[in-house]
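All remarks here apply to the structure that follows.
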Amino acid sequence: MDKKLIPQLGDSITRLGYGCMRFPKLEDGTMNFEEAVRLIQKGYQLGINYFDTAVVYHGGDSEKALGEAMKDYDRSTFFLADKMTSSVFQDEESMKALFYKQLETLHTDYIDYYLVHNINRNNWQKYKDCHVLEFLNEMRTQGKIRHLGFSFHDTEPLLKEAVASNKWDFVQLQLNYLDWKAMHADRLYQVLVDNNLPCMVMEPVRGGYLANLNDEFNAKLKALDPEASIASWAVRFVSGLDNVAVVLSGMTLDEQLEDNVKTLGNFKPLSEKELAVLSEITDELCKLNDIPCTGCRYCMDCPKGVDIPEVFNVYAQWRVFGNSKRFVSSYENALNHNKGANNCVKCGLCAKQCPQHIDIPNQLARVHALYLEEKAKIEAEEAANA
Ligand code: SF4
Ligand code: SF4
């Protein structure tokens with residue numbers, strides 16, 4: 001299995017890491033523990049040396065399975081990654097207790113890669129209030145954490161703030177060839193490059209979306225290499241980025257594991273021609289989004305509290321990736337924080353600042369109307385199925 005020596009970390013990490021969040025489930029919806037252990041051990045035997053879990057994956061069962069799977073292997077031959085998740089602790093004491101419990105569950109004295117989980121504008125203050133960074137820095141000093149980082153799902157200004165807030169060793173980002181352009185993930189990646197922070201990649205296949213495109217795009221990729229899976233192009237794209245340390249894939253099936261091992265076990269960077277085809281496909285997918293917001297936030301702050309780039313981001317995700325339920329729930333998250341488009345009074349201040357010349361007040365009204373339409377459709381569907 002191909003490894004990359006990451007100079008800032010001093011570790012040689014396999015290009016493929018096991019993301020332990022999508023194991024097979026039993027009929028009652030709980031994780032199939034035996035299968036999870038078997039898949040993790042199979043990954044290790046195939047050469048993977050990086051395993052990433054979190055207390056919220058499979059309601060805590062993922063951590064348990066990882067601890068069980070790895071407890072008898074030589075601890076110096078693999079890296080464990082785990083996370084501190086804001087929704088799981090209430091205060092400073094329960095946060096600390098969670099960390100010690102994780103060490104126990106993983107049958108280890110130290111965690112190689114420890115992350116503040118999913119920093120975003122809704123939980124960042126809680127992490128600060130509970131002194132999470134101070135505690136984890138202390139754990140790093142004591143050697144219970146080897147490398148400290150955070151995972152991130154928000155916009156560039158908050159990423160810059162989070163990067164500047166501590167001495168980090170690495171950051172985990174959602175990266176794939178579609179988000180690279182459609183969601184401006186290239187800019188987030190550049191923040192890490194500028195700060196010399198290695199990037200762990202999550203969602204390289206966009207939760208499976210890039211494992212099977214439409215017939216036209218699949219055919220374009222098959223024409224490049226009939227033997228290569230559609231997912232392999234996504235995995236190769238991110239692994240080919242210089243500052244990427246490891247590509248995490250949440251593998252549920254043996255076939256996915258074997259395919260990823262085949263792709264990254266003996267890594268070949270994408271050629272210019274292959275990159276051009278991916279770029280064409282991405283451009284076509286991006287055209288589905290008709291509000292060209294880049295997330296620059298020049299239009300902010302709105303005097304009525306509307307989070308304009310967030311509303312447009314939620315809309316863009318829906319247009320490009322589909323999934324009406326996710327659109328409705330993400331938009332409702334903005335509404336619940338009083339940041340929804342319904343607060344807009346059409347004063348027009350924001351539109352004057354927008355370098356993309358977006359008619360912000362009217363586009364906000366349109367997104368809100370679409371939200372109401374989609375919500376009504378979902379409710380009608382649910383009522384019909386009840
Ligand atoms: S037009 Fe609407 S979104 Fe823009 S600044 Fe005024 S109230 Fe806020
Ligand atoms: S200024 Fe325009 S492009 Fe920038 S975040 Fe606001 S709406 Fe988007």
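Remember, predicted model here, so these are calculated numbers, not experimental data. One-based numbering, in listed order, for ligands and for the atoms of each. For this chain, numbers begin at 1 and follow the sequence in order.
- A distance of 6.0 Å or more separates the ring centres of Y177 and W233.
- With a heavy-atom cut-off of 4.0 Å, L364 touches ligand 1 through its side chain alone.
- Relative ring orientation between Y315 and W318 is described as perpendicular, the plane-to-plane angle rising above 60° on a 0-90° scale split at 30° and 60°.
- Interface of P303 with ligand 1, defined as ligand atoms under 4.0 Å from a residue heavy atom, comprises 5 (S).
- Of all protein heavy atoms, the one lying nearest to atom 6 (Fe) of ligand 2 is C299 SG, 2.3 Å.
- Scanning the protein for heavy atoms near atom 5 (S) of ligand 2, the closest one is R297 N, 3.1 Å.
- Using a 4.0 Å cut-off between charged nitrogen and carboxylate oxygen, K160 and E156 count as a salt-bridge pair.
- Listed by atom number, the atoms of ligand 2 under 4.0 Å from I360 heavy atoms are 7 (S).
- The pair E310-K339 does not meet the salt-bridge criterion, since no charged nitrogen lies less than 4.0 angstrom from a carboxylate oxygen.
- Looking only at protein heavy atoms, the nearest one to atom 1 (S) of ligand 1 is G348 N, 3.2 Å.
- In terms of protein heavy-atom proximity, atom 2 (Fe) of ligand 1 is nearest to C344 SG, 2.4 Å.
- In summary, the atoms of ligand 1 found under 4.0 Å from a heavy atom of P361, numbered by their order in the structure, are 1 (S).
- In this pair, Y127 and F89 present their aromatic rings tilted. The plane angle is within the 30 to 60° band.
- At least one cation-pi condition fails for K144 and Y100: the charged atom is not both under 6.0 angstrom from the six-membered ring centre and inside a 45 degree cone around its axis.
- Here E203 pairs with R22 in a salt bridge; the nearest charged N to carboxylate O distance falls below 4.0 Å.
- Listed by number with element, the atoms of ligand 1 under 4.0 angstrom from any heavy atom of V345 are 2 (Fe), 7 (S).
- Shortest contact from atom 4 (Fe) of ligand 2 to any protein heavy atom: C296 SG, 2.3 Å.
- A salt bridge does not link D359 to R366: none of the charged nitrogens lies less than 4.0 Å from a carboxylate oxygen.
- Here C347 does not reach atom 2 (Fe) of ligand 1: none of its N/O/S atoms is less than 2.8 Å from the metal.
- Looking at atom 8 (Fe) of ligand 1, its nearest protein heavy atom turns out to be C302 SG, 2.3 Å.
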